[in-house]
Every structure is written in structure tokens, then in C-alpha cells.
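Below are the C-alpha cells for one structure; questions will follow.
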Amino acid sequence: MAFCPNCGAQVSADEIFCHQCGFNLAQYRAQHQGTDAENGSGNANASSVGPTQQPTGQGVMPPNTRRRRNNGGAPNGPRRPWLIVSLVLAAAVVVVIAVLFFQNQSQQTQEAAASSASVSAANASSASFASASASTSQAAASSSLAASQEAASESLANASESAAAESHESTTMTGGSDLSNRQVAEMAANLDDFDLDDYRVEVTSPATNMKEVDVYDKDDGKLHNKYRYDEIHDQMSKYDDDSGKWELIQDDD
């Protein structure tokens, strides 16, 4: 066995190129065959004296006296495990930062969605309350308007009734006879013995020189009695519901 004169790797005698660095061993042997032959005898003699030293320069050197080279011819530098460790740590830091960033973004998105939902719920509640208040106000306004309309209708009905009564009384108080409508009504009250102030009286003229006195109850408005006064003959008659005729209750003749 021999050693490669270039890198010091152990090679066999039949190898043409060094399996470690690719050095041309065959060419090297051809160049140094003569020198090795000449040194053969000296080396044999010297072997008895002491160990043989490897030639320097272009001779074959022991493996421990040469630096091993890689396939490209460059020296094998020291391994750097710290570089790999640094790269792994840097990659781990990047991954951790990315995970934290995405978690933060997700949390912010969830908080924004929750805040938006809360605002929407608050707005909906405010809108519902405002709608309920508006409905209550509208109902109260409608009720008040209805009450006002009812009161106005009642006042109008009372005014109409009063106007009608005044109109009838004015009609009864105007006539072409010697007796006024009031006097004719008082005459009927005296003849039939009732208090005129307890009743409502309407005096009309159904015919010429004749006045009709209709007496109504003030409480229920029902017709109490009917009277007719003949101005020409000065006669007062009372209507009989049973017979359906006028009966004379006073006759000056």
C-alpha cells in the first residue's frame, strides 16, 4: 500500500488516480520509477539500520504530514455546526413571529366583530325604544284627539239644541194675535194646572188665528201635553191621546 503524494490518502498500487483528490498516480509513478529503482538498494541497506523516511518535495509523504483536500482540490476547512444551528434558530424565530402575528390579527378581527355586533344591538334597542315611545305618543295623541272631537261634537249638539229651542221660543213669541206666545202658554198651564217652569214649551201656528202649544218634559224630552188656542173664539183645547181628538177646556161663550 502507498499514499497519494498530493493529499496523503492511502491508495493501492494499481490505482491510476487518487480516489480522494483525483491526483494522477500513474503519471507520478512513471516519472519516479528511475528514482525509486536507484534508491532501492540504498533503502534495503538502510532498512537494517533504521526506518525509512519518505522523500520530501515530490516524493510520497506520510498521511499525517499533508493536508487532505476535497475532490475539487481545495483544503478541507473546519466544519461549522454553529452556522446550521443559527439557521435553525432563525427559522424557528421567524415561525414564532409569524404565528404570533396571525394570532394577533385574528384576535383583533374577533374584537372588531364583537364591538360591531354590540353597537348594532344597541342601535336596534334604541330604535325599538324610540318606536315604542312614538307609538305610545301617537296613541295618546289619538286618544286626546278623539276626546276633543267627542267634546266638540257634544258641545255642538248642545248648541244646536239650544238654538232650536230659542228659535221655537222666538217663533212662539212672535205672532199677529193680541196674546203673545208666552201668554198663550201661561194660559194653557193655568187651565190644566201645571207649572210652566218645569217644562219646555214650543208654540206654533198650524193655522191662521190659531196657536198650538206643545209641552215637553225637561228631563227626558218626552211630550207631556198638546194645546190649541183659537184666537177668534178665545177657546183653549187639549189633545186627548185616547180618543185622538181635541177637547175644549175653556170657552168664554
Side-chain angles (χ1 to χ4, degrees), residues 114-253:
S115 177
S116 178
S118 300
V119 172
S120 299
N123 292 335
S125 178
S126 299
S128 299
F129 180 76
S131 177
S133 299
S135 299
T136 304
S137 300
Q138 185 177 3
S142 300
S143 178
S144 178
L145 179 60
S148 300
Q149 290 178 351
E150 183 178 359
S153 300
E154 185 176 357
S155 298
L156 181 61
N158 293 333
S160 300
E161 185 177 355
S162 298
E166 291 177 358
S167 176
H168 285 296
E169 185 176 357
S170 176
T171 303
T172 59
M173 295 301 176
T174 58
S177 62
D178 295 336
L179 297 177
S180 65
N181 293 337
R182 180 68 181 178
Q183 291 174 340
V184 173
E186 290 177 352
M187 183 186 299
N190 292 330
L191 292 174
D192 204 20
D193 193 18
F194 66 89
D195 191 355
L196 187 62
D197 294 333
D198 294 337
Y199 297 92
R200 181 171 59 85
V201 178
E202 293 183 4
V203 181
T204 59
S205 297
T208 305
N209 298 324
M210 182 176 290
K211 291 184 179 181
E212 183 174 327
V213 181
D214 296 334
V215 182
Y216 296 91
D217 193 295
K218 283 186 176 181
D219 295 332
D220 54 13
K222 292 182 179 181
L223 181 64
H224 179 66
N225 280 317
K226 297 176 68 176
Y227 303 91
R228 278 187 179 181
Y229 177 67
D230 185 354
E231 296 178 347
I232 296 176
H233 301 93
D234 191 19
Q235 294 177 346
M236 182 70 69
S237 301
K238 178 181 178 181
Y239 184 76
D240 188 0
D241 293 334
D242 296 333
S243 63
K245 296 180 180 181
W246 293 94
E247 295 182 354
L248 187 65
I249 60 174
Q250 182 266 339
D251 186 0
D252 289 345
D253 294 341

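All values derive from a computational prediction rather than experimental measurement.
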What's the spacing between E247 CD and M236 CE if we round to 0.5 Å? 15.0 Å

Contacts of N190 meeting side-chain contact (heavy atoms from CB on, under 4.5 Å) (sequence neighbours excluded), chain-then-number -> none

What's the spacing between K226 NZ and E212 CD if we round to 0.5 Å? 4.5 Å

Would you call the rings of F194 and Y227 parallel, tilted or perpendicular if under 30° counts as parallel and over 60° as perpendicular? parallel

Of all heavy-atom pairs between V201 and A185, which one has the smallest distance, and what is that distance? CG1-CB, 3.8 Å

Interatomic distance, NZ@K245 vs CG@D240, rounded to 0.5 Å, equals 10.0 Å

I need the minimum non-hydrogen distance between S205 and K211, along with the two atoms involved. OG-CG, 4.1 Å

What do the steps show when you test M210 against E231 for side-chain contact (heavy atoms from CB on, under 4.5 Å), and what is the final call? CA-CA 6 Å; M210 182 176 290; E231 296 178 347; over 6 Å; no

Check whether more than 12 heavy atoms from other residues, nucleotides or ligands sit under 6.0 Å from atom CG of D193, and answer yes or no. no

Closest approach of D217 to D220 (non-hydrogen atoms, all atoms of both residues): CB-OD1, 3.0 Å

Using side-chain contact (heavy atoms from CB on, under 4.5 Å), reason through Q235 and L248 one step at a time and then give a plain yes or no. CA-CA 7 Å; Q235 294 177 346; L248 187 65; 3.6 Å; yes

Which value, rounded to the nearest 0.5 Å, describes the distance between D234 atom CG and M187 atom CE? 6.0 Å

Considering all heavy atoms of both residues, which atom of L223 and which atom of V215 are nearest to each other, and what is their separation? CD1-O, 3.4 Å

If you define the side chain from C-beta out and look only at heavy atoms, does anything of L196 sit under 4.5 Å from E186? yes

Check ion pair R200-E202 (N to O, under 4.0 angstrom): yes

Just by modelled atom types, is the D197 backbone N or O under 3.5 Å from a matching donor or acceptor in the K218 side chain? yes

Which residues pass the salt bridge (charged side-chain N to carboxylate O under 4.0 Å, His left out) test with D192, not counting sequence neighbours? K238

Rounded to the nearest 0.5 angstrom, the CG-OH distance for L191 and Y229 is 10.0 Å

